[in-house]
Chemist: 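So that we are looking at the same thing, I have put the structure below in structure tokens.
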Amino acid sequence: MIHRRHALGLLAAASILPSRSFANVSYQRSEFREDLQKRFFDLGTEGTFVGYKVDDYLIIASDKVRSGEGRLPASTFKIPNALIALETGVVQDPDKDVFKWDGTTRSIEVWNKDHTLRSAIAVSAFPVFQEIARRIGAERMQKYLDVIDYGNRDIGGGIDQFWVTGNLRIDPVQQIDFLDRLRRGVLPVGKRSQELVRDILPVTKVGDAVIRAKTGLTDKEHGALGWLVGWAEKGSEVTVFAMNMDCKTQAQIEARMSVTQQCLTDIVAL
């Protein structure tokens, strides 16, 4: 077991101070690929991409600075939120437990209906996950964010909004650390909860590869930041990744998956 600061040697050089062991490996390689920045430049924006090629013990980052900057996780927090909901019993069955629509008509039509945990994460139904967070409550939410060591673990700013307008921050390296532990089923929570969350993650197929990932987007007041985090599976090869970029236009918002796929292709993960 090696300390994440050593495992992510190139990123530690950027003043990142990771606090957990990243993976059970004796040695990891790491490199910067500045050519990945062109993907964001071509979209007229700025962003960062970090990929962890599990089989090669190789971490690839597009830059030395942004890859270590903590930001609001937005809807990528639905992953740990779902995990904690299952672990606490707030949700027993992701396909049977129903969260009733509150009757408030919102601009995103697919939110205006009843949802299960699986359907809610598929359409990123913010009101459902706000209700889940309220049912979990501040005490249990804090406990589990500490247990899984998620980002800066700060839930200040309101129990039903701390991940979109509050104090919670997470950087791309921390995202990958959390996701890799979830993928391997080694988080210090129940195996069933982790298995179910892996199962309900939205899936995108690209040729013979499968991407399991969650988007995120903050509002303009909080920087209009777009996320895509998850992992790609191609045969037996797995690459865990985190991408975020500034989204000033609708086209940039819609490009989150495509730019991530381009970066994954660039590092030969797709």
Chemist: Do Thr116 and Pro94 come within less than 4.5 Å of each other through their side chains, counting heavy atoms only?
Modeler: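 Of all side-chain heavy-atom pairs linking Pro94 with Thr116, none is under 4.5 Å.
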Chemist: Would you say Ser62's side chain and Gln37's backbone share a donor-acceptor pair under 3.5 angstrom?
Modeler: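 No, because the side chain of Ser62 does not come within donor-acceptor range (under 3.5 Å) of the backbone of Gln37.
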Chemist: How about Thr218 and Val164: do any of their side-chain heavy atoms sit closer than 4.5 Å?
Modeler: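 No, too far: nothing below the 4.5 Å cut-off.
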Chemist: Quick check for you: to the nearest 0.5 Å, what is the distance between Cys263 atom SG and Leu228 atom CG?
Modeler: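 Result: 10.5 Å between the selected atoms.
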Chemist: Yes or no on side-chain contact (heavy atoms from CB on, under 4.5 Å) for Arg66 and Asp246, after CA distance, side-chain angles and deciding distance?
Modeler: CA-CA 11 Å; Arg66 184 165 175 147; Asp246 301 334; 3.0 Å; yes
Chemist: Taking side chain as C-beta onward, heavy atoms only, is Ser75 less than 4.5 Å from Phe126?
Modeler: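 Contact flag for Ser75/Phe126 side chains = no.
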Chemist: So which atom in Ala138 and which in Ile155 form the shortest heavy-atom distance, rounded to 0.1 Å?
Modeler: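 The pair with the smallest heavy-atom distance is O-CD1, 3.5 Å.
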Chemist: Classify the side-chain pair Ser124/Lys214 by whether it contains a donor and acceptor separated by less than 3.5 Å.
Modeler: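 Side chains of Ser124 and Lys214: pair found under 3.5 Å.
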Chemist: Quick check: does any side chain N or O of Gln130 sit under 3.5 Å from a backbone N or O of Asp160, one acting as donor and the other as acceptor?
Modeler: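 Such a contact is found between Gln130 side chain and Asp160 backbone.
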Chemist: Donor-acceptor pair, Glu131 side chain versus Pro127 backbone, under 3.5 Å?
Modeler: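 A pair under 3.5 Å: no.
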Chemist: Same cluster for Leu217 and Val259 if Ile/Leu/Val/Met/Phe/Trp/Tyr side chains link at under 4.5 Å?
Modeler: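 Leu217 does not cluster with Val259.
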Chemist: Rounded to the nearest 0.5 Å, how far does CG of Leu196 lie from CD of Glu87?
Modeler: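 With rounding to 0.5 Å, CD (Glu87) is 10.5 Å from CG (Leu196).
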Chemist: Considering only NZ, NE, NH1 and NH2 on the basic side and carboxylate oxygens on the acidic side, decide whether Asp35 and Lys38 come within less than 4.0 Å.
Modeler: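 No, Asp35 and Lys38 are not salt-bridged.
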Chemist: Quick one about Thr105 and Asn112 (side-chain donor to acceptor, distance below 3.5 Å, no hydrogens or angles considered), yes or no?
Modeler: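 No pair is found: no donor N or O on one side chain lies under 3.5 Å from an acceptor on the other.
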Chemist: Check whether any side-chain heavy atom of Glu46 sits under 4.5 Å from a side-chain heavy atom of Phe40, and report yes or no.
Modeler: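 No. Closest side-chain heavy atoms not under 4.5 Å.
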Chemist: Check whether Gln252 reaches the backbone of Leu43 with its side chain - one donor and one acceptor, N or O, closer than 3.5 Å.
Modeler: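 Looks like yes, one N/O pair under 3.5 Å.
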Chemist: So which heavy atom on Asp63 is nearest to which on Val65, and how close?
Modeler: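 Nearest pair, atom of Asp63 first, then Val65: OD2-N, 3.0 Å.
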Chemist: Look at the side chain of Glu237 and the backbone N and O of Ala269, then say whether any donor-acceptor pair between them is shorter than 3.5 Å.
Modeler: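 Not a single qualifying donor-acceptor pair exists.
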Chemist: Count the heavy atoms of every other residue, nucleotide or ligand shown that sit under 6.0 Å from NZ of Lys191, and state whether that count exceeds 12.
Modeler: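 Yes.
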Chemist: Which distance, rounded to the nearest 0.5 Å, do you find between the CG of Leu179 and the CD of Gln174?
Modeler: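 The distance works out to 11.5 Å.
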Chemist: For a side-chain contact (heavy atoms from CB on, under 4.5 Å) check, start with the C-alpha distance between Ile60 and Val50, then their side-chain angles and the critical distance, and finish with the verdict.
Modeler: CA-CA 6 Å; Ile60 302 171; Val50 182; over 6 Å; no
Chemist: Atom CZ in Arg71, atom OG1 in Thr48: separation rounded to 0.5 Å?
Modeler: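 Arg71 atom CZ to Thr48 atom OG1 measures 8.5 Å (nearest 0.5 Å).
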Chemist: Inspect the surroundings of CD in Glu34 and state if more than 12 heavy atoms from other residues, nucleotides or ligands are less than 6.0 Å away.
Modeler: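 It does not: Glu34 CD has 12 such atoms or fewer within range.
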Chemist: Return the minimal non-hydrogen interatomic distance between Ile170 and Pro73, and the atom names on each side.
Modeler: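 Of all heavy-atom pairs spanning Ile170 and Pro73, the closest is CG2-CB, 3.7 Å.
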Chemist: Tell me whether Trp101 shares a hydrophobic cluster with Ile108, the cluster being built from Ile, Leu, Val, Met, Phe, Trp, Tyr side chains joined at under 4.5 Å.
Modeler: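 No, it is not one cluster - the side chains of Trp101 and Ile108 are not joined through contacts under 4.5 Å.
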Chemist: Same cluster for Ile253 and Leu225 if Ile/Leu/Val/Met/Phe/Trp/Tyr side chains link at under 4.5 Å?
Modeler: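 As far as the 4.5 Å side-chain criterion goes, Leu225 and Ile253 are not connected within one cluster.
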Chemist: Is the CD atom of Glu195 crowded by more than 12 outside heavy atoms at less than 6.0 Å?
Modeler: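 No, CD of Glu195 has 12 or fewer neighbouring heavy atoms, counting only those of other groups under 6.0 Å.
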Chemist: For residues 197-205, which side-chain N or O atoms pair as donor and acceptor with protein atoms under 3.5 Å away, sequence neighbours left out?
Modeler:
{"from": "Arg198", "atom 1": "NH1", "to": "Leu182", "atom 2": "O", "distance (Å)": "2.9"}
{"from": "Asp199", "atom 1": "OD2", "to": "Arg118", "atom 2": "NH1", "distance (Å)": "3.2"}
{"from": "Asp199", "atom 1": "OD2", "to": "Arg118", "atom 2": "NH2", "distance (Å)": "2.6"}

Chemist: Are Val210 and Ile267 grouped together when hydrophobic residues (ILVMFWY) are joined by side-chain heavy atoms under 4.5 angstrom apart?
Modeler: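 No, Val210 and Ile267 fall in different hydrophobic clusters.
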Chemist: Would you say Gln262 and Asp266 are linked by a side-chain donor-acceptor pair, where the criterion is simply a distance under 3.5 Å?
Modeler: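 There is no such pair between these side chains.
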Chemist: Which atom names give the shortest non-hydrogen contact between Val128 and Ala120, and what distance separates them?
Modeler: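 Shortest heavy-atom separation between Val128 and Ala120 comes out as CG1-CB, 3.7 Å.
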Chemist: For Gly166 and Leu72, work out which heavy atoms get closest and say how close.
Modeler: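 The answer is O-CD2, 3.5 Å.
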Chemist: Name the one of Phe129, Phe178, Phe162 that satisfies ring pair (Phe, Tyr, Trp, His ring centres under 6.0 Å) with Phe77?
Modeler: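 Result for ring pair (Phe, Tyr, Trp, His ring centres under 6.0 Å) with Phe77: Phe162.
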Chemist: Under 3.5 Å, is there a donor on one side chain and an acceptor on the other for Arg256 and Asn244?
Modeler: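 Not at all, the side chains of Arg256 and Asn244 share no donor-acceptor pair under 3.5 Å.
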Chemist: Closest heavy-atom contact between Gln194 and Val186?
Modeler: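 Result for this residue pair: OE1-N, 3.3 Å.
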Chemist: Within the distance-only criterion (no hydrogens, no angle test), does the side chain of Gln175 pair as donor or acceptor with the backbone N or O of Asp171 below 3.5 angstrom?
Modeler: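 Absent.
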Chemist: Quick one: do Val206 and Lys234 satisfy side-chain contact (heavy atoms from CB on, under 4.5 Å)? Show the steps, please.
Modeler: CA-CA 9 Å; Val206 184; Lys234 185 177 183 181; over 6 Å; no
Chemist: Quick one: are Leu58 and Tyr52 in side-chain contact, heavy atoms under 4.5 Å?
Modeler: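 The answer is no, as the side chains (C-beta and beyond) never meet within the 4.5 Å cut-off.
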Chemist: Is there side-chain contact between Arg169 and Asp154, with at least one heavy-atom pair below 4.5 Å?
Modeler: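 A side-chain contact is absent here, since even the closest heavy-atom pair is not under 4.5 Å.
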Chemist: Checking the side chain of Lys53 only, and the main-chain atoms of Val268 only, is there a donor and an acceptor separated by less than 3.5 Å?
Modeler: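 Pair found, side chain donor or acceptor close to backbone of Val268.
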Chemist: How far does CZ of Arg153 sit from CD1 of Ile148, to the nearest 0.5 angstrom?
Modeler: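 Interatomic distance, Arg153 CZ to Ile148 CD1, rounded to 0.5 Å: 10.5 Å.
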Chemist: Do Met243 and Trp227 have side chains that approach each other closer than 4.5 Å (heavy atoms only, starting at C-beta)?
Modeler: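 No, side chains not in contact.
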Chemist: Kindly say whether Arg135 contributes a backbone atom to a donor-acceptor pair with the side chain of Arg140 at under 3.5 angstrom?
Modeler: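 Such a contact is found between Arg140 side chain and Arg135 backbone.
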Chemist: His115 side chain to Val110 main-chain N or O, any donor-acceptor pair under 3.5 Å?
Modeler: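 Side chain of His115 to backbone of Val110: a pair is present.
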Chemist: Check whether the ring centres of Tyr150 and Tyr144 lie less than 6.0 Å apart, and answer yes or no.
Modeler: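 Ring centres of Tyr144 and Tyr150 not closer than 6.0 Å.
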Chemist: Show the numbers, then the answer: is there a side chain to side chain donor-acceptor pair (under 3.5 Å) between Gln161 and Trp163?
Modeler: CA-CA 5 Å; Gln161 57 188 1; Trp163 63 95; over 6 Å; no
Chemist: Is Arg106 reaching over with its side chain to a backbone N or O of Thr104, donor-acceptor style, under 3.5 angstrom?
Modeler: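 Checked: pair present.
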Chemist: If I take atom CG from residue Leu264 and atom OG1 from residue Thr260, how far apart are they, to the nearest 0.5 angstrom?
Modeler: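 The CG atom of Leu264 sits 6.5 Å away from the OG1 atom of Thr260.
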Chemist: Going by heavy atoms in the side chains, are Val123 and Trp111 under 4.5 Å from each other?
Modeler: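 The answer is yes, as the side chains (C-beta and beyond) meet within the 4.5 Å cut-off.
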Chemist: Does the side-chain contact (heavy atoms from CB on, under 4.5 Å) test come out yes or no for Asp97 and Leu117, once each step is laid out?
Modeler: CA-CA 7 Å; Asp97 293 5; Leu117 185 64; over 6 Å; no
